[in-house]
Amino acid sequence: MPASAAEAAAEGEEKAAEAGGRELLYCGTVRFDIMGRKVKGGHEGRGNLVSPTRLRPLVGVDIRFVASGCAACHCVALSADGRCFSWGRNENGQLGHGDTLLRNLPTVVSELSKYNIIAAGVGRKHTVVVTDEGKSFAFGDNKHGQLGTGSLKSGTVVSPVPCLVTKATNAVCGADFTVWLSSVEGSSILTAGLPQYGQLGHGSDNEYNAKVSSVSLVYDPQPHPRAIAAFSGNTVVKVACGTNHTVAADSCGFVYTWGFGGYGRLGHNEQKDEWQPRLVEIFQKSNILGPNDIISAGSASSACTAGGRGQLYMWGKVKNSGDEWMYPKPVMDLSGWNIRCMASGNMHHTVGADDSCISWGHSEYGELGYGPTQKSSVNPKKVDILEGMHVTSVGCGVGMSLIVVDRANVGGKLDQLDTFDGDADAVFQENTKELYFPPRRNGKGKPNTNTSQHPAVDETEEETSEAEQVTKAASRTTNSRSNKRKKALGHAEAEDEDETGEVPEEAECGSHGRGQSTRRGRGRGRGAKAATPEPMPSGRGRGRPKKGSPGAAPPEAESSGRGGKKSGKRGRPRK
């Protein structure tokens, strides 16, 4: 870019920042083609933005909403003037650009330019948007009818097509299904797509046997958006989708869940699938959801704030390890925070609260935004570089987080952040130099040159690995000396009682193993050392049969002690 053009762009960015508005920040992988996939050579963890980063096409653009999905490798951003930007993986046309080409940077969906897009949902391989006029459009994979077009003929739709929904107000997507909210009385919530686990909420999973001669179970897809009958007398105002489950709240503040019940993600203290909405009993009376409370769903978890205090509750597989939460429990680490927005990815979570951005969970691609000094966090932790910024919207996908911050009162903090220009290869090369992906060290403290190791390694573990090796080495030396002293004392005590002193031939290196001699006993310690001139009293090994007892060896097979004639077998070490 010429210097004059660069200066003009910089001036435009400064004016936009001075004018206020909101800006999108991104952290996580930019290698959308390999994210979440095993790649030969072990490079699937590189090409990451490990700290919140500005995206060049959206610098100075007022972004009001972002969306991704816990099973999605693409994302959508909506600007205040109604434009729809999409980028990421595009193998099924889920970006809506009329092709299947991957985009590393946000690109306007040109066919939606004449509409004012106010909401969007992102599934595994499809996208659904809603306009301010109540229309809905979808694009991407339509294998299970998740686009809601009423047809399965086009398996892949690369450009926006209209959905069979009227007066739509919102759209949210699971992995292979879609949920719409509508202002139509008696039909406030509609669903379409894969019904396998009952996530559509119609009381059935539409399972049938496709073959008469054998068992081949399939699930009849539902391409026509259909209102959930259980809510015919209620108005649903909030909804969130996990991979195969749904969470919704009605106008009375009650919370309902349905779909796949594994790990307790439905909050009913059991793991049974629910084929139609079921009330989550804890959210009643004084603990209902208010107008400003939020709901969220991850791959195997659910969450909401309730009680008018903004207390966050979670249930399901909340952490990567440990027991699942079978019913809603308060997240005490976030008590007292005013949580405005929340999103959950595969196994990570991001919230905007007060003037902070908080994230936690398992991270492979730097999606928590902590920078090169830390990768994952079991407990909620502030993203330090965003401290003092007002977060208005968040979104989480597979290996990525999207954060929208208010430009007001941030001073020059945004200018201190990096800006991504779309060159994923440059980020890949930079990651190989940063401490975020340090090489493992071998036993000699030298870097391991094996390039096939997975590079997404927690730096805090690697920083301490060398010290741990020294500690372990010292511990092994100390233990070895201690074991020798213990053995010497044990052997001295045995000499007063034992008579034969013979051990199995296979007892080596301090291991306790069975011998191969006709005497069945436990041998320990190394083989006998060279004999010394001093004669020692003979004795038998611990646990050996006494002389004359059944199974005892003849006298000539015995060792006469350290100073006696060797029997050809290894003797017990003596002090």
[X] with [Y]: basic N within carboxylate O range, under 4.0 Å:
X	Y	value
Arg407	Glu23	yes
Glu91	Lys125	no
Arg22	Asp406	no
Asp415	Arg54	yes
Asp33	Arg89	no

* To do: Please examine the side chains of Val378 and Trp360, heavy atoms only from C-beta on, and report whether any two atoms are closer than 4.5 Å.
  => no
* Mind checking whether Arg265 and Lys317 have side chains closer than 4.5 Å, heavy atoms only? -> no
* To do: Say whether Asp81 and Ser79, considering side chains only, have a donor N or O and an acceptor N or O under 3.5 Å apart.
  => yes
* Asked: For His74, does its backbone N or O pair with a side-chain atom of Ser68 as donor and acceptor, under 3.5 Å?
  -> yes
* Taking Asn346 for its side chain and Val398 for its backbone only, find out whether a donor-acceptor pair lies under 3.5 Å. => no
* To do: May I ask you to decide if the ring planes of Phe231 and Tyr256 are parallel, tilted or perpendicular, using 30° and 60° as cut-offs?
  => perpendicular
* **Ring-face cation contact, Tyr370 with Lys381, 6.0 Å cut, 45° max** => yes
* Drop me the distance from Thr246's OG1 to Glu274's CD, to the nearest 0.5 angstrom. => 12.0 Å
